[in-house]
*Asks:* 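Have a look at the structure that comes next, please.
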Amino acid sequence: MIEFKKIENICAIVLLVAFFLPWVSVPIIGSYAGYQIPGAVTSFLEMSAGIANFSWDDPNPEPAAVDVPFQVYLVYLIPLVAIAVLVADYLKTDEKTTRIISIVAGVIPVSGFIYGVTQIDFSALALGAFLIFLSGVGILLATFGVVKIPK
C-alpha cells in the first residue's frame, strides 16, 4: 500500500497531475501542457523554418527539415520518475534504491524548469510549470530530511 503521508509520494502525485496542466501560456497562440511541449516545439520550428525559406518566386516550396533538440523529449521523464517513486514505495524497496529514485525524481523537474526558464520568457510560464518545480524541490527536501511530516 502506498503511504500518502510521505512528502515524496504527495509530490510525486502532484508531478503527475501537473504534467497535464498548462506549462506555457502565450496570449495569441494558446496554452500547452507538459505532454504537448515536444509537439509544440516541433510545430514552432517547422513554422519558423517555413517562414525563413519563403520566397515570392516559389509559393509552394518544399517543407524544410527541422532538427528538434533532444532535450525537448526529456519532458517525458517527469511522469516516469513520479511513477517510479510511487512504485518504489508500493513495493517497499530498500531505502537506498528509494532514495536514489527520489533524488532523480527531484532533480529532473527542477533542472528541466531551470533549463526552460533560460529558453523562454518567464512570464510565459503557467501553473503546471511552477507546480513541477515546487514538487521537485519538495521531493528533494523530503529525501534529504530537511522537511518532515510531524507524527
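Values in this document were obtained by computation on a predicted structure and should not be read as measured data. Side chains included, hydrogens not; waters and symmetry mates left out as well; all remaining heavy atoms used.
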*Asks:* For residues Phe113 and Leu125, determine if any side-chain heavy atom of one lies less than 4.5 Å from a side-chain heavy atom of the other.
*Replies:*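 Yes, side chains in contact.
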
*Asks:* Does Tyr35 offer a backbone N or O that forms a donor-acceptor pair with the side chain of Tyr76 under 3.5 Å?
*Replies:*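 A pair under 3.5 Å: yes.
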
*Asks:* How far does CD1 of Ile37 sit from CD1 of Ile120, to the nearest 0.5 angstrom?
*Replies:*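 Between Ile37 CD1 and Ile120 CD1, I get 7.0 Å after rounding to 0.5 Å.
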
*Asks:* Say you draw a straight line from CD1 of Ile101 to CG of Leu86; how long is it, rounded to the nearest 0.5 Å?
*Replies:*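 Spacing of CD1 (Ile101) from CG (Leu86) equals 10.5 Å.
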
*Asks:* Determine yes or no for a side-chain-to-main-chain donor-acceptor pair under 3.5 angstrom, with Trp23 supplying the side chain and Ala18 the backbone.
*Replies:*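 Yes; judged by distance alone, with no hydrogens or angles, the pair exists.
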
*Asks:* Measure across Ser25 and Ser31 and return the closest heavy-atom pair with its distance rounded to 0.1 Å.
*Replies:*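 Answer, listing the atom of Ser25 first, then Ser31: OG-OG, 3.2 Å.
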
*Asks:* Can you tell me how far apart CD1 (Ile83) and CD1 (Ile78) are? Round to the nearest 0.5 Å.
*Replies:*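 Answer rounded to 0.5 Å: 12.0 Å.
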
*Asks:* If you define the side chain from C-beta out and look only at heavy atoms, does anything of Val110 sit under 4.5 Å from Val137?
*Replies:*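 Answer yes - side chains close enough.
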
*Asks:* Could you give the distance from CD1 (Ile108) to CG (Leu15), rounded to the nearest 0.5 Å?
*Replies:*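 The CD1 atom of Ile108 sits 10.0 Å away from the CG atom of Leu15.
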
*Asks:* Are Tyr115 and Leu74 connected in a single hydrophobic cluster, I mean Ile/Leu/Val/Met/Phe/Trp/Tyr linked by side-chain heavy atoms less than 4.5 Å apart?
*Replies:*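 Result: no, two separate clusters.
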
*Asks:* Look up atom CG in Leu140 and atom CD in Glu8, then write down how far apart they are to the nearest 0.5 Å.
*Replies:*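 Separation between the atoms: 10.0 Å.
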
*Asks:* Given side chains that start at C-beta, do those of Pro38 and Val75 come closer than 4.5 Å, heavy atoms only?
*Replies:*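 Yes, at least one pair of side-chain atoms sits under 4.5 Å.
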
*Asks:* Looking at side-chain heavy atoms only, is the closest gap between Phe133 and Val117 below 4.5 Å?
*Replies:*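 Side chain of Phe133 against side chain of Val117, heavy atoms only: no contact under 4.5 Å found.
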
*Asks:* Short question: side chain of Thr98, backbone of Asp94 - any donor-acceptor pair under 3.5 Å?
*Replies:*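 A pair under 3.5 Å: yes.
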
*Asks:* Whether the side chain of Gln36 engages the backbone of Ala33 through a donor-acceptor N/O pair (distance < 3.5 Å, no angle test) should be reported.
*Replies:*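 Yes: the side chain of Gln36 pairs with the backbone of Ala33.
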
*Asks:* Identify which one of Pro109, Ser102, Ser135 satisfies the side chain to side chain contact (heavy atoms under 4.5 Å, CB included) criterion when paired with Cys11.
*Replies:*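 With Cys11 as partner, Pro109, Ser102, Ser135 yield a single side chain to side chain contact (heavy atoms under 4.5 Å, CB included), made by Ser135.
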
*Asks:* Could you walk me through whether Val81 and Val85 pass side-chain contact (heavy atoms from CB on, under 4.5 Å), step by step?
*Replies:* CA-CA 6 Å; Val81 294; Val85 168; 5.7 Å; no

*Asks:* Which heavy atom in Asn9 sits nearest to a heavy atom in Asp89, and how many Å separate them?
*Replies:*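 Distance-wise, the nearest heavy atoms are ND2-OD2, 2.8 Å.
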
*Asks:* Contact between Arg99 and Thr143 at the side-chain level, heavy atoms closer than 4.5 Å - yes or no?
*Replies:*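 Yes, at least one pair of side-chain atoms sits under 4.5 Å.
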
